[in-house]
Asker: 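Got a structure here, written out as structure tokens. Questions coming.
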Amino acid sequence: MFEEVSPRLHVPAPAIRPGDDPDFSHVAIPRAGAVDRPEPDTRPEDMREMAFSIIRVLNRKGEAVGPWAGSLSGEALLQGLRDMMTLRTYDARMLTAQRQGKCSFYMQHLGEEAISCAFQRALRPGDMNFPTYRQAGLLIAAGYPLVKMMNQVYSNDGDPVRGRQLPVFYSSKEHGFFSISGNLATQYVQAVGWAMAAAIKGDRKLAAAWIGDGSTAESDFHGALVFASTYKPPVILNIVNNQWAISTFQGIARGGAGTFAARAHGFGLPALRVDGNDFLAVHAASQWAVERARRDLGPTIIEFVTYRAGGHSTSDDPSAYRPKEEGAAWPLGDPILRLKAHLIQLGIWSEERHKQAEAEILAEVMAVQKEAEAIGTLHSGQRPSPRDMFEDVFAEMPPHLLRQRHEVGY
Amino acid sequence: MARMTMIEAIRDAHAVAMERDSDVVVLGEDVGYFGGVFRCTAGLQKRFGVERCFDTPISELGIVGTAIGMAAYGLKPIAEIQFADYMYPGYDQIVSEAARLRYRSAGEFTCPMVIRMPTGGGIFGAQTHSQSPEALFTHVAGLKTVVPSNPREAKGLLLAAIADPDPVIFLEPKRLYNGPFDGHFDRPSVPWSKHEAGDVEPGYYEVPLGKAAVVREGSAATLITYGTMVHVALAAVAESGTDVEVIDLRTLLPLDLETITASVRKTGRCIVLHEATLTSGYGAEVTALVQRECFYSLEAPVLRVAGWDTPYPHAQEWDYFPGPERVRRAIDKVMEAE
């Protein structure tokens with residue numbers, strides 16, 4: 001016998017709201033180097049604990065420690081630092097440009113730079129990312145020209161996608177960056193399909209899918225995991241858990257699951273959970289997943305644990321739903337400062353060189369901005385022609401579109 | 001030349017396409033070992049291997065979503081949705097992704113794929129196996145929509161759809177799979193073996209997309225339709241004794257407006273017929289275009305005959321279905337107006 005009670009709706013809520021003191025004591029952070037590194041061919045059921053810990057390499061002293069250390073050379077790390085600094089500087093300039101009315105909208109990466117910049121270092125030409133709007137580091141690390149990114153943000157006549165997309169929805173096949181949809185999660189399953197095609201053709205290429213904590217709730221996420229689990233194509237399924245989906249804390253999408261990474265277990269897929277603010281850990285985990293894909297061992301899920309230090313977009317004011325000081329209290333620190341400390345500890349970097357690099361990068365980004373603005377911004381200069389609005393709906397323009405184009409006067 | 005059902009013709013189109021292009025792959029629920037619930041892909045897995053024709057989990061968003069990824073990669077996927085009624089979980093992938101990929105990437109990424117789905121009623125399938133959702137596709141920029149009405153053209157249209165560089169929605173009227181159903185549900189059904197459009201040429205041929213066919217020439221009025229309703233229209237015209245011209249659109253988008261306007265300017269009277277629900281249906285688009293292009297030739301208001309604005313019922317299937325009698329009444333009415 002039991003006592004019957006009326007059901008009660010459980011609505012998860014963050015413990016801390018504006019006005020409260022930030023508190024991340026509930027986030028269990030293992031010390032750097034503490035998490036084992038299973039062999040990439042480990043069976044998923046033999047490594048389930050990986051989904052409940054956090055792989056970390058850089059300790060508080062800036063040392064790289066433990067079994068995940070050592071995946072990158074000093075030279076690659078210096079380039080990684082430069083990529084992250086470039087992304088942060090670019091973001092800052094574009095945020096200001098949006099406030100000045102030069103573009104309609106912008107989305108920055110503040111605090112999340114390590115994830116995309118380090119991940120790209122594990123890929124090679126021919127591989128394809130299916131990114132969300134907060135992975136521009138993939139492009140920067142792949143050597144995509146900054147001026148093209150800026151032209152896209154400005155929707156000017158140099159915009160490679162001809163002014164058709166919101167700012168930051170870049171596309172570059174050559175640089176392994178699939179056209180961003182803007183509809184959340186839809187591309188997660190397309191990445192699986194792309195990898196299935198590579199497997200059908202026997203091509204040695206892999207796909208990387210990207211999703212945020214919030215949009216794992218979409219059925220596309222489930223569909224992607226089902227298809228990945230069934231066909232086992234060379235795909236890496238990345239989840240960027242930055243704690244916030246606009247104003248909604250990650251507990252709403254995660255529900256009763258321990259972690260987002262643990263969602264993999266029901267699909268028989270291996271999952272890693274990684275310190276997303278640790279450039280070395282991000283790269284090492286990515287490389288582990290890349291090795292699985294290249295050895296035809298199947299998909300891997302990686303949850304990158306990070307914190308969205310800025311607003312969701314230029315249309316968002318996070319102080320309305322979380323304490324302003326929360327970002328500073330985030331226990332995994334700042335990815336740029338952490339890599340900088342490591343490089344100084346290695347003896348291949350210094351405060352002076354860092355300051356010098358900051359100045360160089362700012363000058364470089366400003367020069368690029370001048371170049372882009374010489375073409376135009378959203379409301380001034382050269383913009384894509386209205387004639388162009390009718391192109392690329394189909395490979396060949398059908399009569400009804402031609403008629404409409406004529407009606408516009410082109 | 002072989003006499004085939006529409007199922008056999010569609011199967012033959014798959015085989016021909018897969019034979020000539022190793023990038024053509026087929027995926028969908030039950031399409032592999034079993035060969036599809038309507039048998040349209042029977043034998044393909046055995047002939048071309050599991051990597052070219054395979055079963056999928058029951059997830060239309062997964063089928064369409066992975067097919068988009070495959071198409072972007074460079075393959076030519078043919079995705080089967082088991083019934084058009086099941087398409088909705090994949091609709092976001094079709095509308096927001098497949099249809100816009102070329103546009104939003106300025107041609108850098110494209111989506112050459114065919115999404116096939118059986119459409120329409122007449123098989124006592126009720127509301128979940130009878131829908132005609134074509135207007136939900138023609139309303140979307142970036143999609144082509146095709147509805148064949150006989151085996152010979154089904155093969156040629158499907159081969160043209162596979163060759164097309166953009167996503168094509170291929171709606172197969174399931175009531176026509178086995179014979180040219182004319183809406184007389186109470187009479188014995190006629191198989192394709194008794195119909196000359198069951199003659200299907202061997203090998204590769206295309207019926208071009210965007211071209212309508214005048215299937216019956218006439219001078220008194222124009223009846224514009226597609227799919228199952230082509231045969232209903234022909235029966236109704238024969239029974240009416242009125243000399244009505246019947247146009248089979250074959251492709252709804254791009255629409256062959258020239259064939260339509262040439263006919264309506266000649267006859268001065270027009271009826272648009274489809275099985276899908278009336279309100280905001282594809283017939284509304286055709287009617288508006290006829291009005292714009294042929295206003296000064298029209299002797300009577302353009303009439304529409306369509307499914308009622310209800311979900312597709314079960315027991316009342318033949319009260320719902322716009323059969324020959326309703327079409328005859330519309331012909332009489334359009335001829336009444338002076």
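The sequence lines fix the lettering, A, B, ..., with proteins before strands; numbering per chain opens at 1.
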Asker: For A:A191, which atoms come within 4.5 Å of any heavy atom of chain B: side chain, backbone, both, or neither?
Answerer: neither

Asker: Considering non-hydrogen atoms only, spot the tightest contact between A:R162 and B:A106 and give its length.
Answerer: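 Answer, listing the atom of A:R162 first, then B:A106: CG-CB, 3.8 Å.
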
Asker: Is there a side-chain contact (heavy atoms from CB on, under 4.5 Å) between A:Q190 and B:Q93 once you walk through the steps?
Answerer: CA-CA 9 Å; A:Q190 293 165 19; B:Q93 288 285 344; 2.9 Å; yes

Asker: Where do B:Y103 and A:V161 land on the side-chain contact (heavy atoms from CB on, under 4.5 Å) test, with the steps shown first?
Answerer: CA-CA 8 Å; B:Y103 190 73; A:V161 296; over 6 Å; no

Asker: Residue by residue, which of residues 253-263 of chain B have a heavy atom closer than 4.5 Å to a heavy atom belonging to chain A?
Answerer: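 When heavy atoms of chain A are the reference, residues 253-263 of chain B contributes B:L253, B:P254 within the under-4.5 Å range.
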
Asker: Do you know which of A:K173, A:K205, A:E174 has the most heavy-atom pairs under 4.5 Å to chain B?
Answerer: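 Looking at each option in turn, the highest pair count goes to A:K173.
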
Asker: Mind listing the closest non-hydrogen atom pair of B:T66 and A:M196 along with its distance?
Answerer: CG2-SD, 3.9 Å

Asker: Among B:E51, B:M70, B:R52, which residue has the highest count of heavy-atom pairs closer than 4.5 Å to chain A?
Answerer: B:M70

Asker: Could you check which of A:T230, A:D159, A:V393 has the highest count of heavy-atom pairs closer than 4.5 Å to chain B?
Answerer: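 Looking at each option in turn, the highest pair count goes to A:V393.
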
Asker: So which residue, A:A198, A:P398, A:S219, ends up with the most heavy-atom pairs under 4.5 Å with chain B?
Answerer: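 Of the options given, most contacts go to A:A198.
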
Asker: For A:R292, I'd like to know if atom CZ has over 12 heavy atoms of other residues, nucleotides or ligands within 6.0 Å.
Answerer: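 More than 12 within 6.0 Å, yes.
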
Asker: Is there a side-chain contact between B:D23 and A:K201, using heavy atoms and a 4.5 Å cut-off?
Answerer: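 A side-chain contact under 4.5 Å exists here.
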
Asker: Does a sphere of radius 6.0 Å around NE2 in A:H222 hold more than 12 heavy atoms from other residues, nucleotides or ligands, not counting ones at 6.0 Å or beyond?
Answerer: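 Atom NE2 in A:H222 is not crowded, with 12 or fewer foreign heavy atoms closer than 6.0 Å.
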
Asker: Could you tell me which portion of A:P233 (side chain, backbone, both or neither) has an atom closer than 4.5 angstrom to a non-hydrogen atom of chain B?
Answerer: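 Neither part; nothing is under 4.5 Å.
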
Asker: Do the rings of A:W194 and B:Y73 sit parallel, tilted or perpendicular, given the 30° and 60° boundaries?
Answerer: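 Answer is perpendicular, since the angle exceeds 60°.
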
Asker: Drop me the distance from B:I68's CD1 to A:F178's CZ, to the nearest 0.5 angstrom.
Answerer: 8.0 Å

Asker: What part of B:L75 lies closer than 4.5 angstrom to a heavy atom of chain A: side chain, backbone, both or neither?
Answerer: side chain

Asker: More than 12 foreign heavy atoms under 6.0 Å from CG of A:D296: is that the case here?
Answerer: no

Asker: If only side-chain N and O atoms count, and only distance matters, is there a donor-acceptor pair under 3.5 Å linking A:S181 with B:E97?
Answerer: yes

Asker: Taking all non-hydrogen atoms of both residues into account, name the closest pair between A:S171 and B:E108 and its distance.
Answerer: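 Distance-wise, the nearest heavy atoms are OG-OE1, 2.6 Å.
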
Asker: Is it true that, when you exclude A:R295 itself, more than 12 heavy atoms of the residues, nucleotides or ligands shown sit nearer than 6.0 Å to its CZ?
Answerer: yes

Asker: Select one option (side chain, backbone, both, neither) describing which atoms of B:T56 are under 4.5 Å from chain A's heavy atoms.
Answerer: both

Asker: Among residues two or more places apart or on two chains, list those pairs meeting side chain to side chain donor-acceptor pair (under 3.5 Å) that have a residue in residues 287-298 of chain B.
Answerer: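 Every pair satisfying side chain to side chain donor-acceptor pair (under 3.5 Å) with a residue in residues 287-298 of chain B: A:R403-B:E293.
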
Asker: Out of the candidates B:D166, B:L143, B:D164, only one should pair with A:F394 under the side chain to side chain contact (heavy atoms under 4.5 Å, CB included) rule; please name it.
Answerer: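 Answer after filtering B:D166, B:L143, B:D164: B:D166.
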
Asker: Could you state the interatomic distance from OG (B:S22) to CD1 (A:I200), rounded to the nearest 0.5 Å?
Answerer: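 These two atoms lie 11.0 Å from each other.
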
Asker: Side chain from CB out, backbone as N, CA, C, O: work out which of these in A:L401 comes under 4.5 Å of a heavy atom of chain B, or both, or neither.
Answerer: neither

Asker: Of all of A:P160, A:P399, A:S172, which one pairs up most often with chain B through heavy atoms under 4.5 Å apart?
Answerer: A:S172

Asker: Using 0.5 Å steps for rounding, measure from the NE2 atom of A:H400 to the CG atom of B:L289.
Answerer: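 It comes to 10.0 Å.
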
Asker: Assess whether atom CG of A:L402 is packed by more than 12 heavy atoms of other residues, nucleotides or ligands within 6.0 Å.
Answerer: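 Yes, the 6.0 Å shell around CG holds more than 12 heavy atoms from other groups.
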
Asker: Just how far is it from atom CD of A:E218 to atom CG of B:D92, taken to the nearest 0.5 Å?
Answerer: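 The CD atom of A:E218 sits 7.5 Å away from the CG atom of B:D92.
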
Asker: Does B:K266 NZ have over 12 foreign heavy atoms under 6.0 Å away?
Answerer: yes

Asker: Is the number of heavy atoms from other residues, nucleotides or ligands under 6.0 Å of A:Q404 CD greater than 12?
Answerer: yes

Asker: Could you look at B:P57 and say if it's the side chain, the backbone, both or neither that has a heavy atom under 4.5 Å from chain A?
Answerer: both

Asker: Apply side-chain contact (heavy atoms from CB on, under 4.5 Å) to the pair B:L27 and A:Y231, showing each step before the final yes or no.
Answerer: CA-CA 12 Å; B:L27 70 159; A:Y231 302 109; over 6 Å; no

Asker: By a 4.5 Å heavy-atom criterion (distance strictly below it), what part of B:V64 contacts chain A: side chain, backbone, both, or neither?
Answerer: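 Neither; nothing under 4.5 Å.
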
Asker: Between A:M397 and chain B, with a heavy-atom cut-off of 4.5 Å, which part of the residue counts as in contact: side chain, backbone, both or neither?
Answerer: neither

Asker: Please state whether the side chain, the backbone, both or neither of A:T186 comes within less than 4.5 Å of a heavy atom of chain B.
Answerer: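 For A:T186, backbone and side chain are both near chain B.
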
Asker: Provide the closest heavy-atom pair for A:S179 versus B:R104 in the form atom of the first, atom of the second, distance.
Answerer: OG-NE, 2.6 Å

Asker: More than 12 foreign heavy atoms under 6.0 Å from OH of B:Y33: is that the case here?
Answerer: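 Check fails, neighbour count at 12 or below.
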
